[in-house]
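Basis for what follows: all heavy atoms, side chains included, without hydrogens, waters or symmetry-related copies. Not measured: the values here are computed from a predicted model.
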Amino acid sequence: EAFSTSSCAVGTAQGLYNPNTPIPLAQSGSQYSLVNGIFSTYWSGGGLYTSGSAVFGDKQVYLGNPSNLNGQTAASDAFYGANTVFSFYQKVFGRNGIDGYSVPLYVHDTSIPGNAKAHWYQGYDTSFSYWISFGDAGSGLGSMTDFDIVSHEYSHLVNYRTAQVGRDGGTIEQNAIDEANSDILAAFAKIWKRNGMGTGIGPSYTANRLNDWVNGERVVLSAKGGDGSYHCVRDLAWPSLGQGNKQIPQLNSSSAWFTSSAYWPDGHYGTGPIARGMYILAQGISPYTDSTPSNRTWTTPFLPFGMTGIGADAAARIWYQALTQNFSSNMAYRFLWADLEQAAIDLYGCGSSQHQALNNALTAVNIASPWRTTDWVYDVEPNNSQGQSTILPTGHLHHINNGVIDPNGDEDWYQFTVPAGHTLSLWVNSQIPTSGDGSTLSSAPGFELRNASGTTLLASTTGSPYEYLNPTKI
């Protein structure tokens, strides 16, 4: 049920992040409130934000009194953000609110000192069904009421009222998908807002990553060292740089691609791979031409030849379709591929460029396998010597799937023909089988490329299961 208002008025938000911004208000006589037919905004003492002026806030950092003009600043930012993200879902996806219910906003003051959290929850009374709560400041962060953060929390509620991934606790992977969903939709909402807030999201740009593909950069107040990092809460393109993205010491690449959820203390540790996958789907990714960490940032060893993105609008529609039609409360990372692929097929057709790009983007973060333009070649035993080599068809570089080295000392041989003068760029992805499958292999297998006379042209050298071998002219 929507909030009742005596009459409607247009006021001005003098927010810290959104100064001089028109906002809808409720008016009763000479009193104005941060209320409209959908949202109502409160401070932590329980009072509705009401004023004798249609101007809310003073554009200043919150100083500690939630009920005065300065205390209205964060409230006006949150109120503006909620109304704007409502329009995002309505205009782009045809969705009227999280599910047609009202969403009051509850803004904390310093009765909880240093509160820098933002979260959502279901209300405990019959008047207000759902709440989004924003902290004022703390831990190097400003007020948590910037549009990115409001969109993130609002999108949790959209998940709660659709797929319900991670509802009532959930598994670590479900919580990771829930958090990634909010990061992804907040990023798309931000791009939409920058592009004029129409019925489509509009273009996004790799060169504009520090605006389009980071969330919460305006709330981060503390400076970081000279590590090239950008100050933000989340970074979808380079997840390890967001202050809100957590790293796993045992798996320092876990933010860039999926490996295992075994080391995730909580779901926030698992948001990076799928968020980066959607960034890659929209923007594309460069070929994996260098194995040095500085260049690896914008590449991935799982998709060594890179891909072209399909744009933010198509990527957002695929994600939203999967969330609202295919995801479920028992989600896990292993279901993402099938659910997102089905969404791409439903929207754009089987085999469409969007469908192919979706497969490749998820491959880039180790969640799927790349789109196949030719038949895959499988390991055929025995192929333990040059004379027993599995023959690869000519004309294309093939992805060899299910080549199993076991036990220790085993060799697999493959043979292919390349015209003289051509240059090969090779990528090796060798993984140690998981425990419990009977394998005796103790380390990642090595790799050699030899010519017909047996001379070694290239060989793996790093001992890493993911290695790019420099281009070699044959």
Side-chain angles (χ1 to χ4, degrees), residues 13 15-19 21 23 39 74 76-93 95 98 103 105 118 120 132 134 141-159 178-220 229-239 241-245 271-272 274-284 309-320 323:
L16 179 65
Y17 306 117
N18 305 285
T21 304
I23 52 173
F39 303 106
S76 66
D77 277 327
F79 188 66
Y80 164 79
N83 280 278
T84 304
V85 72
F86 176 91
S87 296
F88 164 70
Y89 278 97
Q90 185 181 57
K91 290 183 177 181
V92 176
F93 303 120
R95 185 178 193 86
I98 60 169
V103 182
L105 300 177
W120 69 273
I132 311 176
F134 304 97
L141 300 175
S143 172
M144 300 296 285
T145 53
D146 195 11
F147 178 69
D148 304 356
I149 309 300
V150 177
S151 300
H152 175 104
E153 299 304 328
Y154 189 99
S155 297
H156 276 304
L157 288 170
V158 175
N159 168 44
D178 177 27
E179 289 295 333
N181 169 70
S182 286
D183 290 344
I184 290 164
L185 287 169
F188 287 133
K190 185 177 187 176
I191 296 167
W192 165 83
K193 182 173 177 285
R194 178 180 59 75
N195 282 317
M197 300 190 291
T199 57
I201 289 177
S204 59
Y205 306 100
T206 302
N208 204 34
R209 178 184 72 85
L210 300 186
N211 290 317
D212 283 356
W213 297 106
V214 297
N215 290 337
E217 71 275 14
R218 294 197 290 183
V219 310
V220 178
S229 60
Y230 190 66
H231 312 300
C232 61
V233 178
R234 294 282 201 276
D235 190 322
L236 278 70
W238 194 347
L241 296 188
Q243 287 192 351
N245 288 98
T271 61
I274 187 56
R276 188 174 190 236
M278 297 310 293
Y279 160 80
I280 293 171
L281 178 61
Q283 293 297 130
I310 62 173
D313 192 79
R317 295 181 190 282
I318 289 173
W319 180 266
Y320 180 80
L323 171 70

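Phe134 and Met144 get closest at one heavy-atom pair: CD2-O, 2.9 Å. Of all the heavy atoms in Asp313 and Gly200, the pair that sits closest is OD1-CA, 3.4 Å. The nearest pair of heavy atoms linking Val150 to Thr145 is CG2-O, 3.7 Å. Considering every non-hydrogen atom in both Thr199 and Arg317, the closest pair reads O-NH2, 3.1 Å.
In this structure, the salt bridge (Lys or Arg N to Asp or Glu O under 4.0 Å) partners of Glu179, at least two apart in sequence or on a different chain, are Arg234. Every residue meeting the side-chain contact (heavy atoms from CB on, under 4.5 Å) condition with Thr21, not counting sequence neighbours, appears here in chain and number order: Ala13, Asn18, Tyr80. A search for side-chain contact (heavy atoms from CB on, under 4.5 Å) contacts involving Ser155 returns Tyr89, Asn181, Ser182, Leu185, not counting sequence neighbours. Residues meeting the side chain to side chain donor-acceptor pair (under 3.5 Å) test with Asn195, sequence neighbours left out: none. The salt bridge (Lys or Arg N to Asp or Glu O under 4.0 Å) check on Arg95 picks up nothing, with sequence neighbours excluded. Residues passing the side-chain contact (heavy atoms from CB on, under 4.5 Å) test with Asp148 are Asp146, Lys190, Asn215, Glu217, sequence neighbours excluded. Every residue meeting the side-chain contact (heavy atoms from CB on, under 4.5 Å) condition with Ala312, not counting sequence neighbours, appears here in chain and number order: Phe188, Ile191, Ile201, Ser204.
Counting heavy atoms from C-beta on, the side chains of Trp192 and Val85 never come closer than 4.5 Å. For the pair Asn83 and Ile23, the minimum side-chain heavy-atom distance is 4.5 Å or more. The shortest distance between side-chain heavy atoms of Phe39 and Phe79 falls below 4.5 Å.
Put simply, CD1 on Ile98 and CZ on Phe86 are 10.5 Å apart, with the number rounded to the nearest 0.5 Å. Distance check: Ile310 CD1 to Ile280 CD1 gives 12.5 Å after rounding to the nearest 0.5 Å.
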Let me see the working for Met278 and Leu236 under side-chain contact (heavy atoms from CB on, under 4.5 Å), right down to the final yes or no. CA-CA 8 Å; Met278 297 310 293; Leu236 278 70; 5.7 Å; no
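Judged by distance alone, the side chain of Tyr17 and the main-chain N or O of Ser143 form a donor-acceptor pair under 3.5 Å.
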